[in-house]
Every structure is written in C-alpha cells, then in structure tokens.
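Below is one structure; the comments refer to it alone.
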Amino acid sequence: MAGQSTTRKHVFSRKIDAFFKGLADAWNFVKRFFQEVFVPPYEFKEVIHQCYRIGVESLPLISLTGFIVGIVFTNQSRPSLSEFGATSWLPSLIAIAIVRAMGPLVTALIAAGKVGSGIGAEIASMKVTEQIDAMEVSGTNPYKFLVVSRVLATTFMIPVLVMYTDFVALMGAFINVNANELVSISTFFAQVFSSVTFLDVFASIIKSLFFGFTIGMVGCYKGYTSSKGTEGVGKAANAAVVISMFLIFIEELLSLQIINLFRIK
Amino acid sequence: MDNREKVVVVRDLYKAFGELEVLKGVDLDLYREENLVVLGRSGTGKSVLIKIMVGLLRQDSGSMEVFGKEISRLGVRELNEMRLKIGFSFQNSALYDSMTVRENMEFPLVRNIKNLTKKEISLRIEELLDAVGLPQTINQMPSELSGGQKKRIGVARTLVLNPEIMLYDEPTAGLDPITCVDINNLINEVRARYKTTSIVITHDLACAKQTGDRMAVLLEGQFGALGTFEEVFPHAEDQRIKSFYDYNFINS
C-alpha cells in the first residue's frame, strides 16, 4: 500500500514537472518569435504566400458561415425585440453584436479549426519526415521560415477576415431584415453605422490581432514540438485547435473587461 | 604515422537521451576523400553521431571537430557556414513535400549563395539532376517519385551547395536490392566526381562493402571494430560482429 502511494506521488510529481516544463518551453517558443521577427533575413515571400493561403483559402468557409450567422442571429433576435415593439432596433442590435463579438469570435474559431489545425499538421508532418532538420542543415533558419512567417500571416490576416466576416454577416442580416421589415439597404446601413462606434471597430481589430497571433503561435508550437511519428501529427493538429479555441475564449473575456473600462469613461 | 588530412576528429564522445546512454566514448578520425561506413544495429547511435556532426544534436561531453573547429562551440552564423560544407542526405530523403523537385533544389541555393542569376540556378540544378540520372523529374512533386528517386533527388539537393563532406543516413533503407545497388553506385560516383569525404550510416553490409573504404562498427556506444571490410568482417572474433555479418550474408 505504501509502495503504491509512493508510486502515485512520483507519477503526480512527474506530471507537474512536465506541465511546468511545457509552460517554460511554450514561453521560450513565443519569446523566440519576438527575438527573430525583427532580425534579417526577412521571409517576405513566405509571409505573402502564407497570407494568401490563410486569407484567400479561408474565404469560402468564412463567407458561408458569416452569412448564415447574420441570418440566424437576426431571426433569433426578432421575437425578443418584437415583444417590445422594437424590431426597428434590429439593425443596431445586430451590428453591435456582430462587430463587437460575433464577427471576431466566429472568424477566430473557424480559423482555429481550419488554419490552426492545418499549420499544426503541416509543421508536425515536416518534423516527423525530417524536413525541418533538412532545412536547418542547409543553412536556413526553420523557425524563421516556418514559424515567424505563419504567425505574422495569421496575425495580419485574421483582422482582415474579421472585417470581411462582419460585412458578410451584416449582408445576411440585411437580407433577413429586408425580407421581413421591408427596410432598404441605405436605411439598414445608416442605422448600422450610427450604432457602431470607432471603439467597437478598433477593439475588434485589436483583439483579432491577438486571436490571429494565438492561432498561428499555437499551431506552430504544437507542430514544432510534436513527436511519436504519424500519431503525433494528428495529435498536434487536434491540440492546435483545442488550445487555440480555449485561449481565444479567454482572450475574448479579457478584452471585454478591458474594453468596458474605456466604455465607462 | 598517417599523413592524410583529417577532416573530422571525434574524441571520447558521449551522448545520452534521459537515462539511455547512446554514445559512450566514441573516437574517430575521418580522412579527406575517404568513404567511411558506420555500421551497427538499430538504436546504437549511428544517426546520433552524424547529427552531432551537423549540430542538430549536441554531445553531453567529448569533442567533435570538423575542419579543425569544435562544432559545439560554434555560434549560429559559424555553424551555418560549417553546415554549408556538409551535405546531409536523410533516411527518408526529407524532400519538402509542398515544393517541386526544382524548388527543393533551389531552396538551399538561393538562400545561401547570393547574386546567382536565374540561368545559373537552372544550370546548376539541371547539371545535378543529370548527375543523379533524373533530369525528367524537375517539375514533379516528391509525392510523384519512387523511393529510389527520392533518395537520388535528396542527394542532388545536398550536392547543390558543393559540400566537402557528405553524410548519408541509411541510404538504402526501404529500397529493393536493385535500387540499393544504384544508390551505392551513386554514392561512389558522387565521391569520384565531387571529391567528397563521406560517412555512410547503414546496417546493410552489401552497401557497406560496395561503398566503404573503412568500416566502423558501433557496439554498445563505442566502435567495436574499425578497418577495411576484410579486416573487420569475414573472420571477426567478436560474436556480435560475426552474427551481424552472418545475418546479412547468410541468413538473408
């Protein structure tokens, strides 16, 4: 019995050790990004290539999802507002909800699923097949080529995608409002722009930058540190999605608290 | 006394992964334009030895000098300069699977040799693809190549930077016997044509016999035997080396 208890304690302490070692590794991985991003040589071509992959190739999925979110959210909000005879407030309500929260969140979650898992799997597979080692022995810094370029690309492209999602979702909402309330596009967007403030848009872009950074960094980290052969590739992709989504929600919560400080003023 | 130039000098090299001791005091001299074959069973640390040589791994103790410089003491820039003199042909070829054969070969070239014109780059790539006998694959993706073709392209990619030392990690692993002979011939051709010094990591004695000037057998973290094929194998007294020989040439 005493032996079993000691073994359990040993296993537990090893898990705690591994957890903190993992945190330290992750911290060093992130720190290395800031050490390398400003130092030449710059991988402009690869950054542009990744921006294209992340941005353009995500468009169909983002368009469809954003459009559906706009329609569904409008439909779901109408009954509550109509109870108070306030359906004319629909464009304002939808605009604020989409720009402040739903646009960035939906885009980030979809990007975490599509882009984050893709990055995790790609880099993990490169690691397993020694392509990263091959890069290193041929005098190329694989961290800079693979990680810095992808993290920059996600950081720049997620805000762009968020703005695009906002627009598509608002168009979806407009079609729904137009069909039910017979509101013209100019009236709809006049109300949208009158209710959305600069702070809303600015905060949305800033938090999208963080979302993008998180998606790229987590995907790269899980890929770069993967092991156990092909099984590790799947695990890296899976972990990239799960951890990114978790961190995105935490960042959303934190950003909400910070932005509210400014709103009260 | 041997007056040949030593390009690699390894002394009392130790490397462990956690509690698993892989290299336990390895000593080795590699001479210019020599083909040295390192043999040993799986997990004996053959690949670890050459990974330390290119700075992919770091030894726990001992020294690994390449061209008179201790690898573990080199800074990032110096290490990268050293790596350009060492070509590493990986076990699974490690071709970048999102790039064509041409892009795979361009990748190290354009990053390390500045001011090359497009024509010069193309000429260099075509020359090397001719040398490995695969000029027709230039626009193919790695997924469209056979195992043997991948190995050849992998070798061509490492040759693109004119390395002085070639490291081959299990060059014949997973290939059929005829393709193995082709790869062995390629290793010999590379040495003859580009005057390279080579280390071939393998557990295939046919490959070792065909390509090696000297054999070094890793046994339990140290070289158990070092010499020509005839000196090391046919009349080996060490039972482990004898059984290695027997399994390769008799049982198979």
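Values reported hereafter were calculated over all heavy atoms of this structure, with side chains retained and with hydrogens, waters and symmetry mates removed. First the proteins, then the strands, lettered A, B, ... as listed; each starts at 1. This one's a predicted model, so the numbers in the text were calculated from it and none came from an experiment.
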Selection from B/Asn112, B/Leu84, B/Asn92 maximising heavy-atom pairs under 4.5 Å formed with chain A:
B/Asn112

Side chain / backbone / both / neither for B/Leu79 at chain A, heavy atoms under 4.5 Å:
neither

From A/Gln131 atom CD to B/Asp97 atom CG, the distance as rounded to the nearest 0.5 Å
4.0 Å

Quick check for you: among B/Leu95, B/Val54, B/Ile86, B/Val76, which has the greatest number of heavy-atom pairs under 4.5 Å with chain A?
B/Leu95

Against B/Glu164, only a single residue in B/Arg32, B/Arg83, B/Lys85 fulfils salt bridge (Lys or Arg N to Asp or Glu O under 4.0 Å); can you say which?
B/Arg32

More than 12 foreign heavy atoms under 6.0 Å from CZ of B/Arg41: is that the case here?
no

Under 6.0 Å from the ring centre and within 45 degrees of the ring axis: does the NZ or CZ of A/Lys31 meet both conditions for the six-membered ring of A/Phe34?
no

